[in-house]
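Proteins come first, then strands; the chains are lettered A, B, ... in the order of their sequence lines, and each starts at number 1.
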2 protein chains.
Amino acid sequence: MLSKKFAYALRGLTYIALHGSIEKKISLQELSDGIDVPHFFLGKIMQELVRNEIVSSVKGPGGGFWIEDSAMNRSAFEILKMIDPKVVASNCLMGKKNCDHDRPCPLHAEYVACRNTLFDSLKETTLFNLAGKVEAGELFLDEKNNSKICTL
Amino acid sequence: MLSKKFAYALRGLTYIALHGSIEKKISLQELSDGIDVPHFFLGKIMQELVRNEIVSSVKGPGGGFWIEDSAMNRSAFEILKMIDPKVVASNCLMGKKNCDHDRPCPLHAEYVACRNTLFDSLKETTLFNLAGKVEAGELFLDEKNNSKICTL
DNA sequence: TAAATTAAAGATATTTATGTCTTTAATTTA
DNA sequence: TAAATTAAAGACATAAATATCTTTAATTTA
Ligand code: FES
Ligand code: FES
């Protein structure tokens with residue numbers, strides 16, 4: 001449903017929002033270490049976010065990434081649209097070409113409800129919010145030491 | 001989130017549940033025409049369902065697929081576990097190796113709620129239910145004439 | 001029994017997502 | 001200015017999902 005690209009983007013941005021600033025830029029190296037995501041792949045994703053002006057960057061010694069105050073209130077949903085537009089464009093969950101209210105597939109109702117709920121919370125969640133929650137110990141960006149599997 | 005394999009499987013089974021019987025078997029040709037799904041790909045999926053005794057088949061003239069009465073109350077969730085087991089095993093939505101309640105990622109709460117809702121309804125939905133709804137005109141298996149896109 | 005029909009099985013192909021490596025350009029520092 | 005550092009850009013590689021084609025086996029019918 002959601003791509004790894006989006007997942008990595010959101011985790012990366014949250015890390016930068018939390019640890020970075022114009023004075024302390026976050027290098028790609030620190031970032032990929034910090035969230036346990038493949039270095040080069042993350043680099044590509046950051047490029048895209050820089051182009052979209054979600055994050056800022058400079059090259060050279062001491063360079064790296066940071067997030068302007070004005071970008072801190074960008075929502076997770078905006079990031080999703082940027083990184084994974086196909087998902088937002090809403091394909092049918094049951095493999096039909098398009099999701100259609102008038103000719104719903106077997107999972108239409110469930111899918112729409114589920115997706116709307118998820119998207120609504122993505123719309124309400126800003127990078128600032130996410131950074132705050134990480135700071136409060138309510139959520140975690142990396143994946144070291146997480147051995148317990150939620151088996152449902 | 002859910003694969004096309006699962007989508008095609010569920011739509012195919014519903015078609016067979018609705019139109020097939022031991023007297024009137026559904027050929028792969030009729031089936032792929034009926035639900036607008038790639039012929040050969042659907043064939044592979046049906047093979048798997050036959051091996052798992054969800055659907056029955058015979059070769060030869062007049063042969064094809066049908067569903068025994070006893071299989072009509074199999075749930076969509078059972079089909080999902082069969083066809084797309086990774087999804088049920090619950091990977092983290094944000095690309096972490098495992099979904100972990102104790103170290104939740106930014107979308108954990110939303111994801112778990114969303115997934116539980118979806119899975120609950122899959123558990124309650126049987127092939128018999130689905131066939132009934134198609135018969136009642138409440139849902140549709142094919143994708144002809146569906147031009148209206150739900151843009152969210 | 002021969003021919004026709006149909007699913008099963010196996011091989012191959014294509015596409016998409018994910019991941020990696022190399023080269024280039026920008027910036028800083030000595 | 002020269003060297004070092006770092007992101008950007010582009011090329012390449014791998015894996016997974018999706019799709020197709022060919023051959024084989026089972027079954028029916030003539
Ligand atoms: S028609 Fe399938 S999800 Fe809407
Ligand atoms: S930890 Fe990511 S979905 Fe549970």
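When heavy atoms are screened at a 4.0 angstrom cut-off, I26(B) is found touching the sugar-phosphate backbone but no base atom. Counting any heavy atom pair closer than 4.0 Å across all strands shown, G43(B) reaches no nucleic acid atom.
The closest side-chain heavy-atom distance from I26(A) to H19(A) is below 4.5 Å. You'll find the side chain of M46(A) reaches within 4.5 Å of the side chain of V55(A), heavy atoms only.
Taking 4.0 angstrom as the limit, K86(B) places a side-chain polar atom (N or O) nearer than this to OP1 or OP2 of dA17(D). Using a 4.0 Å cut-off, no side-chain N or O of S57(B) falls inside it from OP1 or OP2 of dT6(C). Note on R51(A): every side-chain N or O is 4.0 Å or more away from OP1 and OP2 of dA8(D). Between Y8(A) and dG19(C) there is a side-chain polar atom (N or O) within less than 4.0 angstrom of OP1 or OP2.
The sulfur atoms (SG) of C105(A) and C99(A) lie 2.5 Å or more from each other.
To the nearest 0.5 Å, atoms SG (C114(A)) and CZ (F119(A)) are separated by 9.5 Å.
We find that CZ of F6(A) is positioned 16 Å from P of dA17(C), with the value rounded to whole Å. Nucleotide dA8(C) holds its P atom 10 Å from the CG atom of L49(B), rounded to whole Å. If you take NE2 of H39(A) and C1' of dA8(D), they are 12 Å apart, rounded to a whole angstrom. Between E48(A) atom CD and dA8(D) atom P there is a gap of 12 Å when expressed in whole angstrom units. Atom CG of L28(A) and atom P of dC21(C) are 14 Å apart (whole Å). In this structure, Q29(A) places its CD atom 13 Å from P of dC21(C), rounding to the nearest Å. In this structure, E30(B) places its CD atom 17 Å from P of dT5(C), rounding to the nearest Å. One can place CD of E53(A) at 13 Å from P of dA8(D), the figure rounded to the nearest angstrom.
Ranked by how close their nearest DNA chain C nucleotide is to the 5' end, L2(A) and V58(A) are led by L2(A). Comparing G62(A) and F40(A) by the nucleotide of DNA chain C that holds the closest heavy atom to each, the one mapping nearer the 5' end is F40(A). Take the nearest nucleotide of DNA chain D for K44(A) and for L42(B): the residue whose nucleotide is more 5' is K44(A).
At a cut-off of 3.5 angstrom, counting only N and O atoms as typed in the model, there is no donor on one side facing an acceptor on the other between the side-chain of Q47(B) and the base of dA7(C).
In the set dA19(D), dA8(D), dG19(C), the nucleotide with an atom closest to the side chain of P38(A) is dG19(C). Taking only side-chain atoms of P61(B), from C-beta outward, the nucleotide of dG19(C), dA7(C), dT5(C) with the closest atom is dT5(C).
Residues F140(B) and L18(B) do not share a hydrophobic cluster, clusters being chains of Ile/Leu/Val/Met/Phe/Trp/Tyr side chains in contact below 4.5 Å.
There is no side-chain donor-acceptor pair under 3.5 Å between D120(B) and T117(B).
The partner of dA30(C) is dT1(D), by the rule that a Watson-Crick or G-U pair needs both atom distances under 3.5 Å.
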